[in-house]
Amino acid sequence: PLPFAWADDPAIGHTPAQRLADAERGDPQSQREVAVFFQYGTEGFPLDLERAIYWHTKAAEKGYVDSQLALGEMYRNGPAPIRDIARALE
């Protein structure tokens, strides 16, 4: 069975391509999911930290807390081109 928090999530079962389409339409949960796909190079998406930051930022701007936290972690602990301690503290 699905966890209770996901019981009413209409996106459960969506393919990664559907998640990307939903993200492009502005759905913050899908934006976060796509960001994670790029962040870790999963679900057929390439590892691309710049695109992960792009999608996490989109979701974070809409108040999606998981993406806000992910951005802080990426800026704090990411590789040299991504690391930005000042932005991590925002």
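The structure displayed is predicted, hence computed values, not measured ones.
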Peer 1: Between Thr15 and Gln18, does any side-chain donor sit less than 3.5 Å from a side-chain acceptor?
Peer 2: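 Yes, side-chain donor-acceptor contact under 3.5 Å.
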Peer 1: Could you state the interatomic distance from CZ (Phe37) to CG (Leu20), rounded to the nearest 0.5 Å?
Peer 2: 9.5 Å
Peer 1: Please check: side-chain N/O of Gln31 versus main-chain N/O of Trp55, any donor-acceptor pairing under 3.5 Å?
Peer 2: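 Checking the backbone N and O of Trp55 against the side chain of Gln31, no donor-acceptor pair under 3.5 Å is found.
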Peer 1: How close do Ala52 and Phe38 get, heavy atom to heavy atom, and via which atoms?
Peer 2: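 Shortest heavy-atom separation between Ala52 and Phe38 comes out as N-CB, 3.8 Å.
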Peer 1: Which atom pair, heavy atoms only, marks the closest approach of Ser67 to Ala60?
Peer 2: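 Residues Ser67 and Ala60, closest heavy atoms: CB-N, 3.8 Å.
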Peer 1: Side chains of Arg51 and Gln39: does their closest heavy-atom pair fall under 4.5 Å?
Peer 2: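 No, their side chains stay 4.5 Å or more apart.
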Peer 1: Closer than 4.0 angstrom, basic N to acidic O: yes or no for Asp22 and Arg25?
Peer 2: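 Arg25 and Asp22: salt-bridged.
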Peer 1: Does any non-hydrogen side-chain atom of Leu71 lie less than 4.5 Å from one of Gln68?
Peer 2: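 Gln68 vs Leu71: side chains apart.
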Peer 1: Counting N and O atoms only, with roles assigned by atom type, does the side chain of Lys62 sit under 3.5 Å from a partner on the main chain of Gly26, one being a donor and the other an acceptor?
Peer 2: yes
Peer 1: Measuring from atom CE of Met74 to atom CG of Leu69, what distance do you get when rounded to the nearest 0.5 angstrom?
Peer 2: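 So the gap between those two atoms works out to 13.0 Å.
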Peer 1: Please report the closest heavy-atom contact between Ala23 and Ser30, naming both atoms and the distance.
Peer 2: N-CB, 3.6 Å
Peer 1: Taking side chain as C-beta onward, heavy atoms only, is Val36 less than 4.5 Å from His56?
Peer 2: yes
Peer 1: If Ile, Leu, Val, Met, Phe, Trp and Tyr residues are connected whenever their side-chain heavy atoms lie under 4.5 Å apart, and connections chain through other members, are Leu47 and Tyr75 in the same group?
Peer 2: yes
Peer 1: Hey, any chance Tyr40 and Leu49 share a hydrophobic cluster, counting ILVMFWY side chains that come within less than 4.5 Å of each other, even indirectly?
Peer 2: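 No; tracing contacts between hydrophobic side chains, which count when under 4.5 Å, never links both residues.
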